[in-house]
Amino acid sequence: MRHRIIILAILSWILAFNQHAWAQTPVAPDIKGIAIDSITAGWNDWTTVSISGKFKMAGLPLSPTVKIFMERDSVIRISLRAPLLGEVGRAEIADSMILVVNKMNKTYVEEPISKALSYYPGGVADLQNLLLGRIVLPGFGLLSPENQESVEIYEGEGGAAMLVASEEAALPGFNYGYLVSPEWLTAALMVLPEKHEDVVVKLEYEYFDNGYDLRFDYISEKKKYQAILELNAPEWEGKGFDAIRINSRFRKLPFDKFIKSF
């Protein structure tokens, strides 16, 4: 854990400056190719996947169970259920639209995905891969031997590696990079907005025999948010559930008011 904290700190430092000005040089092309092959070796092909677990967030009076169903490159459906209450919320993310429903007070928000991801040149496929612990390069898709020129790889402490976007894969307005464990598993994604030097957005992954945790952190001088998904191992080609159905009893809210409604 100590090594991981140190490496995250180093990754943050690299991202805060131009990586090409850093004293350490990236690994040679042949070593980079071997590393990328090792990272992607465990990423099996899939058509649909189902993942169950728990959702935890500060301020929630309980930890609802969560079920995620995904059709590759098409849709993400998320269901939240609470003890004695049944299903309390649903979310659906597709190529064109994001729909989230609060069943407790019969409200919902619906926005074009282009608005929700206005700064991001990707879509639902990238979100799916992040949920599965895979490395995504904005605008270039899933990391692969074919797009390895989009990243530079640096050796980290204790056998870990750091992947930083190359100049051609830079995301305007943001610096980003990944931490990869000595076992070639995605350990963290860190994003630093260039215009907000006090802001850090971080996804961290922790793996277990029967699943993994995905922790989201938003940190700034004024605010701090954290949410954790405690997920079981993915069930490939698992059973899904129906799309959300909205009727006249539900009231549409703007995004900010919908968030406050929780």
Side-chain angles (χ1 to χ4, degrees), residues 1-44 117 119-123 125-207 212 214-219:
M1 181 60 72
R2 177 178 175 272
H3 286 171
R4 187 174 174 187
I5 292 172
I6 292 172
I7 295 172
L8 279 170
I10 294 172
L11 179 57
S12 177
W13 187 84
I14 295 173
L15 294 175
F17 299 93
N18 186 317
Q19 64 264 31
H20 300 289
W22 194 39
Q24 183 177 341
T25 56
V27 299
D30 57 335
I31 301 299
K32 179 165 72 170
I34 293 171
I36 290 175
D37 286 343
S38 299
I39 292 168
T40 60
W43 296 352
N44 60 302
L117 301 178
Y119 296 101
Y120 186 78
D126 287 359
L127 296 176
Q128 290 176 336
N129 285 315
L130 289 174
L131 281 171
L132 292 172
R134 302 180 179 187
I135 292 175
V136 171
L137 306 174
F140 293 82
L142 190 65
L143 176 68
S144 70
E146 287 71 33
N147 60 21
Q148 61 180 289
E149 296 304 316
S150 302
V151 295
E152 302 287 4
I153 298 181
Y154 298 88
E155 292 184 12
E157 186 175 346
M162 292 171 285
L163 277 71
V164 178
S166 65
E167 189 172 343
E168 70 174 79
L171 185 60
F174 298 88
N175 291 316
Y176 71 94
Y178 290 87
L179 173 64
V180 178
S181 75
E183 296 77 29
W184 302 111
L185 297 172
T186 306
L189 162 64
M190 186 174 291
V191 181
L192 304 178
E194 292 177 353
K195 292 184 179 180
H196 303 280
E197 295 181 357
D198 66 315
V199 174
V200 176
V201 179
K202 188 170 56 175
L203 287 178
E204 285 194 71
Y205 301 84
E206 187 172 2
Y207 300 90
Y212 59 103
L214 172 55
R215 188 176 79 186
F216 168 83
D217 286 286
Y218 175 94
I219 304 167

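All values below come from the heavy atoms of this structure, side chains included, with hydrogens, waters and symmetry mates left out.
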Item to complete: Walk me through it: do Val200 and Leu192 pass the test side chain to side chain contact (heavy atoms under 4.5 Å, CB included)?
Response: CA-CA 5 Å; Val200 176; Leu192 304 178; 3.5 Å; yes
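- Annotation: side chain of Pro26 is not in contact with side chain of Ile153 (no heavy-atom distance under 4.5 Å).
- Separating the CD1 atom in Ile135 from the OG1 atom in Thr186 is a distance of 4.0 Å, to the nearest 0.5 Å.
- Pairing each heavy atom of Ala160 with each of Pro182, the nearest pair is N-CG, 3.9 Å.
- In this structure, the separation between CG on Leu163 and OH on Tyr154 is 10.5 Å, given to the nearest 0.5 Å.
- Remark: Asn129 pairs with Arg134, Val136, Leu142 by the side-chain contact (heavy atoms from CB on, under 4.5 Å) rule, at least two apart or across chains.
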For residues 28-37, run the donor-acceptor check on the side chains, cut-off 3.5 Å, and write out each pair with its distance to 0.1 Å, sequence neighbours left out.
{"residue": "Lys32", "atom": "NZ", "partner": "Gln148", "partner atom": "O", "Å": "3.1"}
{"residue": "Lys32", "atom": "NZ", "partner": "Val151", "partner atom": "O", "Å": "3.0"}

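- Judged as a salt bridge (Lys or Arg N to Asp or Glu O under 4.0 Å), and not counting sequence neighbours, the contacts of Asp217 are Arg215.
- Of the candidates Glu204, Lys202, Met162, Lys202 is the only one forming a side chain to side chain contact (heavy atoms under 4.5 Å, CB included) with Met190.
- Evaluation of the side-chain contact (heavy atoms from CB on, under 4.5 Å) rule for Glu183 yields Ser181, Leu185 as partners, not counting sequence neighbours.
- Between Val199 and Ile219, every side-chain heavy-atom pair lies at or beyond the 4.5 Å cut-off.
- For the pair Ser166 (side chain) and Glu152 (backbone), a donor-acceptor distance under 3.5 Å is absent.
- Between Leu143 and Trp43, the shortest heavy-atom contact is O-CZ3, 3.4 Å.
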Item to complete: Take Phe216 and Val201 through the test side chain to side chain contact (heavy atoms under 4.5 Å, CB included) and record every step on the way to the result.
Response: CA-CA 8 Å; Phe216 168 83; Val201 179; 3.6 Å; yes
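- Tyr205 places no side-chain N or O within donor-acceptor distance of the main-chain N or O of Leu132, the cut-off being under 3.5 Å.
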Worksheet item: Do Val164 and Tyr176 pass the side chain to side chain contact (heavy atoms under 4.5 Å, CB included) test, and can you show the C-alpha distance, the side-chain angles, and the key distance before you say yes or no?
Response: CA-CA 7 Å; Val164 178; Tyr176 71 94; over 6 Å; no
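- Of the possible donor and acceptor atoms, none in the side chain of Ser38 sits under 3.5 Å from a partner among the backbone N and O of Trp184.
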